[in-house]
Structure formats: structure tokens, C-alpha cells
Amino acid sequence: INRLYNFNKKVKLIILLRNRITRTWADYRYSVLNGWEILPFHLAIKRKKNKKIEKDLKKIQPYSYLERSDYLKQLKYLFKKFNKNNILILNSEDLNKNPKKNFLKVFNFLKVKKCQLKKVSNYSSFFIKNRKKQASLRKYFNNNLNPLIEKIRANGKVEDSNFTPLQKKKFAELKKNILYKVPKIPKKSEEYLKKYFLKSKEKLRKLSGFNL
């Protein structure tokens, strides 16, 4: 935000917010998918903030599930920096249901000519069968794990002709460990998050215009 402000104080910003509970669940699934997270969801969201993070993960902060869902704190800081008239807030769920209505808001906000948009693919983080197995695959593939996962997510073909026999074996293990059907958020965790976000729900609604 500070870098944006220093670059152009009058820049127009479009903020896309989704339901905080489903966003937290999706964030967790993404960390699990990339082999960063081995804890069950309920323990992960109640983890103490002072958890030690590997050096190469400090910029990513893969365990900041609740902090990233704290839109109120982020929006307050944003509005201190930028003029509210230069900020458009959209709701992710409504965008999926009513894309034309929302893109009309975008065109008007940016004062650009309206155009016909192609349908965008709807990606969602997969889940996995075994968290510890995924963590071990991350150690094996290292920084190459995420690109492999993204190709699988996009239904892209992974060129494995140059893979060694061991690499082919590990890649087969990766594909086998992925659950392509997204599971529902655990009920216990959902209730916990409802209570956690309740204290800021009304303030966030007034600031964003949405019940998140």
C-alpha cells in the first residue's frame, strides 16, 4: 500500500473481498497443497502468532490465515492513505453470480469503454489426502512444486519426458495425493470463525458495504 501511494497518490484501486470464513479455509487449503502446512485446520487457525517460519517462507507468511482475513484493519489503513472516491470495493461471491453487473461498476469506475468479456475460469485450491506426504513432496521438489501444482490446477500437461525415474515416481505420488473435489469446511472450525469475525462484522459492513 505504501509503495502504491508513493508511486501515485491518485491511483484508482479495485478491492475484491470474499466471505472471510471461506477465504480463510481457502488460504489454509493453499498452504496444505503447497506442503507448508501439516496441522489440521482447527489447530492451524488457533496457532500462536510467534510460530517460527522457515527463512524462504518469511515473505509468503503461509500461516497468516486470520490476519489476511482481517479486512477491517486493512481497509482502515487503505482509507487513511487514499481518497475513498478512488476505491471500488466488490464482493467476490456477487461477482461470480452477477459478472455483468459488477463489471459495469468497474467500467464506470475507471471511466473506460464497456466491452464484452470472455468467461473466466474459476480456480479453487484443491485439497490433499495426506498433509505429511505433501510436505515431504515439497522438500523433494522444492520451488518446483508450486509450478507443477498450478499446471495440474489449470489442466495443463506436464512435460515429464526429461524426468528421471525417481522424479516420475514422485510426480505420480503428487498427483495421487491430490483431492480434486474441494471438501467442506469443518463445522467446528466454521463456528469458531463465525464467533471470531463477529466482533468486526458490523464495522466492516459499514466500511465495505458488504456482510463478510
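Computed from a predicted model, the values in this text were never measured in an experiment.
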Might you work through the salt bridge (Lys or Arg N to Asp or Glu O under 4.0 Å) test for Arg20 and Asp70, ending with a clear yes or no?
-> CA-CA 8 Å; Arg20 291 185 288 175; Asp70 187 4; 5.1 Å; no

State the NZ-CG distance between Lys12 and Leu110, to the nearest 0.5 angstrom.
-> 6.0 Å

Regarding Lys188 and the six-membered ring of Tyr192, is the cationic atom NZ or CZ under 6.0 Å from the ring centre and inside 45° of its axis?
-> no

Roughly how far apart are Phe41 CZ and Ser31 OG, rounded to 0.5 Å?
-> 10.5 Å

Are Lys81 and Tyr5 in a cation-pi setup, meaning NZ or CZ lies under 6.0 angstrom from the ring centre and within 45 degrees of the ring axis?
-> yes

Does Lys9 count as lying over the ring of Phe82, i.e. NZ or CZ under 6.0 Å from the six-ring centre, within 45 degrees of the axis?
-> no

Asn91 (side chain) donor-acceptor with Leu16 (main chain) under 3.5 angstrom = no

Pi-cation contact, Tyr140 with Lys170 (under 6.0 Å, within 45°) = yes

In one Ile/Leu/Val/Met/Phe/Trp/Tyr side-chain cluster, 4.5 Å: Ile178, Trp25 | yes

Connected via hydrophobic side-chain network under 4.5 Å: Ile45 and Tyr71 | no

Is any side-chain heavy atom of Phe171 less than 4.5 Å from a side-chain heavy atom of Ile152?
-> yes

Under 3.5 Å, side chain of Glu150 to main-chain N/O of Pro147, donor-acceptor pair present?
-> no

Just by distance, do the side chain of Thr22 and the backbone of Arg18 share a donor-acceptor pair under 3.5 Å?
-> no

In one Ile/Leu/Val/Met/Phe/Trp/Tyr side-chain cluster, 4.5 Å: Leu145, Phe127 = yes

Within one Ile-Leu-Val-Met-Phe-Trp-Tyr cluster: Leu90 and Phe210, side-chain cutoff 4.5 Å = no

Does Phe7 CZ have over 12 foreign heavy atoms under 6.0 Å away?
-> no

Heavy-atom closest contact (Asn86 atom, Val11 atom, distance) | CB-O, 3.6 Å

Are Ile1 and Leu88 co-members of a hydrophobic cluster defined by side-chain heavy atoms under 4.5 Å apart?
-> no

Out of Asn34, Leu174, Leu137, Asn177, which residue meets the side-chain contact (heavy atoms from CB on, under 4.5 Å) rule with Ile128?
-> Asn177

Are any of the side-chain heavy atoms of Ile14 and Ile87 separated by less than 4.5 Å?
-> no

Test Glu173 against Lys133 for salt bridge (Lys or Arg N to Asp or Glu O under 4.0 Å), laying out the working first.
-> CA-CA 9 Å; Glu173 289 177 10; Lys133 178 69 175 177; 2.7 Å; yes

Go through the steps to decide whether Lys201 and Leu212 satisfy the test side chain to side chain contact (heavy atoms under 4.5 Å, CB included), and finish with yes or no.
-> CA-CA 7 Å; Lys201 189 171 183 177; Leu212 301 163; over 6 Å; no

Run the side chain to side chain contact (heavy atoms under 4.5 Å, CB included) check on Glu191 and Lys194 step by step: do they pass?
-> CA-CA 5 Å; Glu191 292 302 318; Lys194 279 181 182 177; 3.7 Å; yes

Measure the CZ-OG distance between Phe197 and Ser69 for me, rounded to the nearest 0.5 Å.
-> 4.5 Å

Just wondering, more than 12 heavy atoms not from Leu39 lying within 6.0 Å of its CG?
-> yes

Could you state the interatomic distance from CZ (Arg153) to CG (Leu148), rounded to the nearest 0.5 Å?
-> 13.5 Å

Taking the side chain as every heavy atom from C-beta outward, state whether Ile15 and Leu78 have any atom pair closer than 4.5 Å.
-> yes

Would the number of heavy atoms belonging to other residues, nucleotides or ligands and lying under 6.0 Å from NZ of Lys176 be above 12?
-> no

Are side-chain heavy atoms of Val32 and Ile38 found at a separation under 4.5 Å?
-> no

Between the main-chain N or O of Ser161 and the side-chain N or O of Glu159, is there a donor-acceptor pair closer than 3.5 Å?
-> yes

Under 3.5 Å, side chain of Thr164 to main-chain N/O of Gln167, donor-acceptor pair present?
-> yes

Any side-chain heavy-atom pair from Leu117 and Pro99 closer than 4.5 angstrom?
-> no

Rounded to the nearest 0.5 Å, the CD1 atom of Ile149 sits from the CG atom of Leu33 at a distance of 4.0 Å

Give a yes or no answer on whether the side chain of Asn142 reaches the backbone of Asn144 with a donor-acceptor pair at less than 3.5 Å.
-> no

Is the backbone of Lys101 close enough, under 3.5 Å, to the side chain of Asn98 for a donor and an acceptor to pair up by distance?
-> no

Starting from the C-alpha separation in whole Å, work towards a yes-or-no answer on salt bridge (Lys or Arg N to Asp or Glu O under 4.0 Å) for Glu37 and Arg138.
-> CA-CA 11 Å; Glu37 181 64 84; Arg138 176 188 163 245; over 6 Å; no

Please round to the nearest 0.5 Å and tell me the distance separating atom CZ of Arg68 and atom NZ of Lys73.
-> 13.0 Å

Please say whether the positively charged group of Arg29, taken as NZ for Lys or CZ for Arg, lies over the ring of Phe126, i.e. under 6.0 angstrom from the six-membered ring centre and within 45 degrees of the axis.
-> no

What do the steps show when you test Leu17 against Ser92 for side chain to side chain contact (heavy atoms under 4.5 Å, CB included), and what is the final call?
-> CA-CA 6 Å; Leu17 303 178; Ser92 179; over 6 Å; no

Kindly determine whether Tyr30 and Asn146 satisfy side-chain hydrogen bond (donor to acceptor under 3.5 Å, both in side chains), including the steps that lead there.
-> CA-CA 10 Å; Tyr30 187 76; Asn146 186 263; 3.1 Å; yes

Backbone N or O of Arg23 within a donor-acceptor pair of the Asp27 side chain at under 3.5 Å?
-> no

Quick one: are the ring centres of Trp36 and Tyr28 less than 6.0 Å apart?
-> no

Considering all heavy atoms of both residues, which atom of Lys113 and which atom of Phe107 are nearest to each other, and what is their separation?
-> O-CD2, 4.2 Å

Neighbour count >12 (heavy atoms, 6.0 Å) for atom NZ, Lys111 = no

